[in-house]
Amino acid sequence: MSLVERIAQQRLDKLTELRSRGIDPYPPRCKRSHTNAEAVALLLKQEQESIEPVEVSVAGRVIANRDIGKLAFINLADGSGKIQLFINKSLLSPDSSALLKDLDIGDFIGASGKVIRTRTGEPSIGAGEITLLSKSLQPLPEKWHGLQDTEKRYRQRYVDLIANPEVKEIFRKRSRVVTGIRSYLDSHDFLEVETPVLQPSAGGALARPFITHHNALDCDFYLRIALELHLKRLIVGGFDGVYEIGRVFRNEGIDTKHNPEFTMMECYKAYADYNDIMRLVENMISTVVKDVAGDYKIPFGDDILDFTPPWKRIDLRQAVIDMAGIDYDKFPDTASLAAEMRGKGIQFDPSRDRGRLIDDLLSTFVEPTLKNPTFMVNYPIDMSPLAKNRPGDAHTVERFEAYAGCMEIANAFSELNDPEEQERRFAGQLSNRSQGACSARDEETETIDEDFITALEYGMPPTGGLGVGIDRLVMLITNQQSIREVILFPALKEKE
RNA sequence: GGGCCGCUAGCUCAAUUGGCAGAGCAACUGACUCUUAAUCAGUAGGUUUCGGGUUCGAGUCCCGGGCGGCUCACCA
């Protein structure tokens, strides 16, 4: 018998013994008048106002049990925090005494008694009665080091959360980030909507989708890779401001900044342009950072990032000239830009088109310098098929991306609303791909979303749109270097 | 997909040139009326990630598999 089986057997034996004494180890209800935090607050109130201690009932998980002869000290944790139980064994009922004898770390118990302070000042419940609420059969990780094993932390996040309280704090903050964004948008005339996850074609971004099958319809569906095209349909339909916070799925590599499923917030505002959206991003993100992290200035890795508005604005073309020494406007096609990059000794994949080459220059030379929040503005049309041209400039679109901590955190543009132009851009993408420009990735979107073009034909007002990667924003606010630390159950291969 | 690294008791970690697999916590038995990483005495606990190989002898060396981490590639 293995050790863990033996421990489980010991605890199962205790279970049998409890039942034989007529005690239900998994009772349906418990007596609870205060959370642990409320009980501690009550103690302070008693002390300040010299009120007689009153009887309270608390409940929680046993996380430490110090047995000192005729006394016992138990640390009890619930969602609000910890409180100590101070037990004088001679004052316990027989049932409580028997339970105390068989108590294991990890068990849930309830305790009743007066809120007091021990001689060393520790807020405690002077417990006269304890009852079992749920028996634990698995040994917990040790209290000093917690659970360190990364794989186990992700696979069994519930154990991680029990053993490492700081992990809980990350996910509390994540929840506040989402709530903060939602309430900001709600108060700025945006309507929260839900659009399909399962789609006949996956558009709105260029990424390899997951494919699944619907049995009754006998057809394949794609899991969405972006929210964009459906939300813009709703602008066509006459909602002047819409947003969605939802999961999107991309069948790509996994690393510290990418999980196959992640959370995007996209919002669209009719009668707005990318300058309006830039103000919105600056305002919304800095507000959320201050609310959740407590300051506009937050630590991230070795740096302090300052989200105080206004953020720096950098022209993309100028940034690439400054950092890479290449003015891509002077190289209007793929071949000439590739030749220039080759001449400068820059390595790149020869099958890439001009937009991707510019993206290479951006991510290699510019992105690593973008620590403080920065707007990169005015993107080349080659890498922006859904954005509207700058007036009088056939090569540049009204688009920006927001960077912080050397990561892209937001992407926005004045939405292209000319249906013919949109169809040409889609067709251009398709022909690029069929010419083998991206032959290795031809499983990417290979169909045009015809209905989206039709929607634009009905007329979409001038519209500003935005996408924000929620996971990366949470990484920044919680100072985490891996996206898995801000996703409760990150994608892992099944073991065995 | 490539490169590098890791996997030893439930948890956190040791183990010298290839030479008897160990400690702390957790568990079990006992002592203890103010502990909070309680303390003290004792007990038990191992397919060293899996499968091969070399060797008198493998946690350690070699080959292959699994899972994970970092990194590169990929990633509008």
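Since this is a predicted model, take the numbers as computed values, not measurements. Atom set for the values below is all heavy atoms of this structure, side chains included, hydrogens, waters and symmetry mates excluded. Within every chain, numbering begins at 1; the chains are lettered A, B, ... in the order of the sequence lines, protein sequences first and strands thereafter.
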What nucleic acid atoms does [X] come within less than 4.0 Å of, heavy atoms only: base, sugar-phosphate, or nothing?
X	result
A:T118	base
A:G355	nothing
A:Q148	sugar-phosphate
A:R153	nothing
A:G126	nothing
A:L140	nothing
A:K70	base
A:Y379	nothing

Between [X] and [Y]: side-chain donor-acceptor atoms closer than 3.5 Å:
X	Y	result
A:Q84	A:R66	yes
A:D78	A:S80	yes
A:N36	A:K82	no

Using the side-chain heavy atoms of [X], tell me which of these nucleotides is nearest: [options].
X	options	value
A:R119	B:C11, B:A76, B:C34	B:C34
A:T256	B:C11, B:U71, B:U33	B:U71
A:K143	B:G69, B:C25, B:A76	B:C25
A:D255	B:A73, B:A76, B:C25	B:A73
A:H258	B:C75, B:C34, B:G68	B:C75
A:R11	B:A38, B:A27, B:C34	B:A27
A:L147	B:C75, B:U12, B:C32	B:U12
A:K493	B:A38, B:A27, B:G68	B:G68

Between [N] and [X], is there an OP1 or OP2 to side-chain N/O distance shorter than 4.0 Å?
X	N	answer
A:R352	B:C74	yes
A:S124	B:C34	no
A:R484	B:G69	yes
A:K152	B:G69	no
A:R155	B:G69	no

Write down the distance between [atom1] ([X]) and [atom2] ([N]), rounded to a whole number of angstrom.
X	N	atom1	atom2	answer
A:Q156	B:C11	CD	C1'	12 Å
A:H145	B:A26	NE2	P	13 Å
A:D149	B:C25	CG	P	22 Å
A:I483	B:G69	CD1	P	13 Å
A:R66	B:A38	CZ	P	5 Å
A:L71	B:U36	CG	P	13 Å
A:D349	B:C72	CG	C1'	14 Å
A:M383	B:C75	CE	C1'	12 Å

Using 4.0 Å as the upper bound for N to carboxylate O, is an ion pair formed by [Y] and [X]?
X	Y	value
A:D359	A:R356	no
A:R313	A:E282	yes
A:K388	A:D418	no

Taking pairing as Watson-Crick or G-U wobble with both contacts under 3.5 Å, can you name the mate of [N], or confirm there isn't one?
N	result
B:G18	none
B:G59	none
B:G6	B:C67
B:U12	B:A23
B:U47	none
B:C34	none
B:U54	none

- Tested for side-chain hydrogen bond (donor to acceptor under 3.5 Å, both in side chains) against A:T195, the lone hit among A:E228, A:E244, A:E266, A:R233 is A:E244

Which value, in whole Å, describes the distance between the [atom1] atoms of nucleotides [N] and [M]?
N	M	atom1	result
B:U54	B:U16	C1'	22 Å
B:G51	B:U60	P	13 Å
B:G45	B:A23	P	12 Å
B:U49	B:C11	P	12 Å
B:A27	B:A38	P	11 Å

- Task: Establish whether the base of B:U35 is bridged to the side chain of A:E122 by a donor-acceptor pair shorter than 3.5 Å.
- Result: no

- Item | B:G24 base / A:E142 side chain donor-acceptor hit below 3.5 Å | yes

- A:F210 ring center within less than 6.0 Å of A:Y222 ring center: no

- Message: For A:E166, I'd like to know if atom CD has over 12 heavy atoms of other residues, nucleotides or ligands within 6.0 Å.
- Response: yes

- Query: Pick the nucleotide of RNA chain B nearest each of A:K14 and A:P141; which residue has the one closer to the 5' end?
  - Reply: A:P141

- Message: Nearest heavy atom decides the nucleotide; on that basis, is A:L492 or A:F413 closer to the 5' end of RNA chain B?
- Response: A:L492

